[in-house]
Amino acid sequence: MNYRIFLNGYRFSTYDDCIKLLIYSAEQSDYIVDIEGFEKTTPYSPAKNYILLKGSSKEIYSDIIIDFDNLLINANYDKAITISPSTLETSPLPDAVHYWMSIGAVFKIISDLSPAYVTGYLLEKNMKKELEAFNLSLSRLPFAVQIAVNELMTDIE
């Protein structure tokens, strides 16, 4: 399967950690990875990246939007799976634990990716709350996200 992933968020340190672990996990799962960044228009602009994960020779892509901080309020993307605090039924938290919930949801959706690298990183850094949030999303996705995943996968077939 091939994926186009658009990410945005304000908590730059956690954002960078999440992207690096996602990319590393994808590379270890034999995806061809291409990443592009968007220029920040002001120092207060969110970080934005676009990641292509190519796992097959087909030119069909599934779109995933990871909106770490609910920045795309009322955005309607019919052909994309949107992962945000609101779709994960939580709120943006000051300590950015919700970023790990979002990344966990991506690993749940893209079942080829191994969560071992993220789990190992969080254990090594003794980040217990973050690990719990990551594992929560790995174990279950909210109903609205499950429906979006099912619809997208049906469209691809």
Side-chain angles (χ1 to χ4, degrees), residues 1-38 46-69 77 79-90 92-93 95-157:
M1 234 18 235
N2 301 321
Y3 298 92
R4 281 186 293 246
I5 304 172
F6 174 78
L7 308 94
N8 67 45
Y10 280 117
R11 305 226 179 49
F12 304 119
S13 176
T14 305
Y15 181 90
D16 286 344
D17 290 344
C18 289
I19 285 184
K20 288 174 187 174
L21 290 165
L22 176 61
I23 291 169
Y24 185 76
S25 297
E27 289 173 341
Q28 296 304 310
S29 298
D30 294 330
Y31 279 94
I32 296 171
V33 178
D34 185 26
I35 182 169
E36 293 182 32
F38 295 91
K48 298 179 203 167
N49 292 90
Y50 184 69
I51 300 173
L52 286 176
L53 302 182
K54 189 152 177 79
S56 75
S57 60
K58 295 179 182 178
E59 290 301 320
I60 300 170
Y61 287 85
S62 296
D63 294 326
I64 300 174
I65 298 168
I66 306 173
D67 179 12
F68 287 113
D69 293 306
Y77 300 99
K79 297 293 182 184
I81 300 166
T82 302
I83 299 170
S84 67
S86 59
T87 61
L88 294 176
E89 300 170 354
T90 188
L93 305 168
D95 55 3
V97 170
H98 62 281
Y99 276 51
W100 299 104
M101 289 180 76
S102 298
I103 288 298
V106 173
F107 278 77
K108 177 78 172 170
I109 292 165
I110 307 175
S111 59
D112 296 343
L113 298 180
S114 171
Y117 302 105
V118 178
T119 302
Y121 173 84
L122 295 172
L123 285 171
E124 182 180 302
K125 300 283 185 184
N126 201 24
M127 299 169 75
K128 293 176 183 172
K129 288 190 310 187
E130 291 82 353
L131 179 60
E132 186 178 321
F134 179 74
N135 286 334
L136 178 66
S137 287
L138 279 177
S139 63
R140 70 157 194 90
L141 288 175
F143 191 64
V145 177
Q146 289 177 3
I147 290 172
V149 170
N150 291 341
E151 286 176 357
L152 190 63
M153 296 307 160
T154 302
D155 289 347
I156 290 173
E157 294 171 358

SG on Cys18 to CZ on Arg11, rounded to 0.5 Å
11.5 Å

Ser84 versus Thr82, side-chain donor and acceptor atoms under 3.5 Å:
no

Could you pull out all residues at least two apart from Ser114 that satisfy side-chain hydrogen bond (donor to acceptor under 3.5 Å, both in side chains)?
none

Going from CG on Asp112 to CD on Gln28, what distance comes out if it is rounded to the nearest 0.5 angstrom?
14.0 Å

Let me check something: any side-chain donor-acceptor pairs from residues 131-142 under 3.5 Å, sequence neighbours excluded? List them with distances.
unit_1: Asn135; atom_1: ND2; unit_2: Leu131; atom_2: O; d: 3.4
unit_1: Ser137; atom_1: OG; unit_2: Met101; atom_2: O; d: 2.7
unit_1: Ser139; atom_1: OG; unit_2: Asn135; atom_2: O; d: 3.4
unit_1: Ser139; atom_1: OG; unit_2: Leu136; atom_2: O; d: 2.8

Side-chain heavy-atom pair Ile110, Ile5 within 4.5 angstrom cut-off:
yes

Any chance you could measure Ile64, atom CD1, to Phe6, atom CZ, to the nearest 0.5 Å?
13.5 Å

Quick check: does any side chain N or O of His98 sit under 3.5 Å from a backbone N or O of Pro92, one acting as donor and the other as acceptor?
no

Does the side chain to side chain contact (heavy atoms under 4.5 Å, CB included) test come out yes or no for Ser62 and Ile81, once each step is laid out?
CA-CA 8 Å; Ser62 296; Ile81 300 166; 5.7 Å; no

Could you tell me which residues satisfy side-chain hydrogen bond (donor to acceptor under 3.5 Å, both in side chains) with Asp16, sequence neighbours excluded, listed by chain and number?
none

Can you list, pair by pair, the side-chain donor-acceptor contacts under 3.5 Å of residues 52-60, counting residues two or more places apart and other chains?
unit_1: Lys54; atom_1: NZ; unit_2: Ser56; atom_2: O; d: 3.3
unit_1: Lys54; atom_1: NZ; unit_2: Lys58; atom_2: O; d: 3.2
unit_1: Lys54; atom_1: NZ; unit_2: Glu59; atom_2: OE2; d: 3.0
unit_1: Ser56; atom_1: OG; unit_2: Asn2; atom_2: ND2; d: 3.4
unit_1: Ser56; atom_1: OG; unit_2: Lys58; atom_2: N; d: 3.4

Residues 26-38 vs salt bridge (charged side-chain N to carboxylate O under 4.0 Å, His left out), sequence neighbours excluded, gives none

Do the non-hydrogen side-chain atoms of Asp69 and Tyr99 ever get within less than 4.5 Å of each other?
yes

Nearest heavy-atom approach of Ala47 to Phe12 is N-CE2, 3.5 Å

Take Ile35 and Ile19 through the side chain to side chain contact (heavy atoms under 4.5 Å, CB included) test and state the conclusion after the steps.
CA-CA 10 Å; Ile35 182 169; Ile19 285 184; 3.8 Å; yes

Please name the pair of heavy atoms, one in Ile109 and one in Tyr3, separated by the smallest distance, quoted to 0.1 Å.
O-OH, 4.3 Å

For residues 116-130, dump all side-chain donor-acceptor pairs below 3.5 Å to protein atoms at least two apart in sequence or in another chain.
unit_1: Thr119; atom_1: OG1; unit_2: Pro115; atom_2: O; d: 3.0
unit_1: Tyr121; atom_1: OH; unit_2: Asp17; atom_2: OD2; d: 3.0
unit_1: Lys129; atom_1: NZ; unit_2: Asp95; atom_2: OD2; d: 2.7

Hey, could you give me the OG/CG distance between Ser86 and Asp67, rounded to the nearest 0.5 Å?
7.5 Å

Give a yes or no on whether the backbone of Val145 and the side-chain of Thr87 come within a donor-acceptor separation of less than 3.5 Å.
no

Counterpart residues, ring pair (Phe, Tyr, Trp, His ring centres under 6.0 Å), relative to Tyr15 (two or more places apart)
Phe68

Heavy atoms, side chains only, cut-off 4.5 Å: are Leu21 and Ile103 in contact?
no

For Leu113, does its backbone N or O pair with a side-chain atom of Ser25 as donor and acceptor, under 3.5 Å?
no

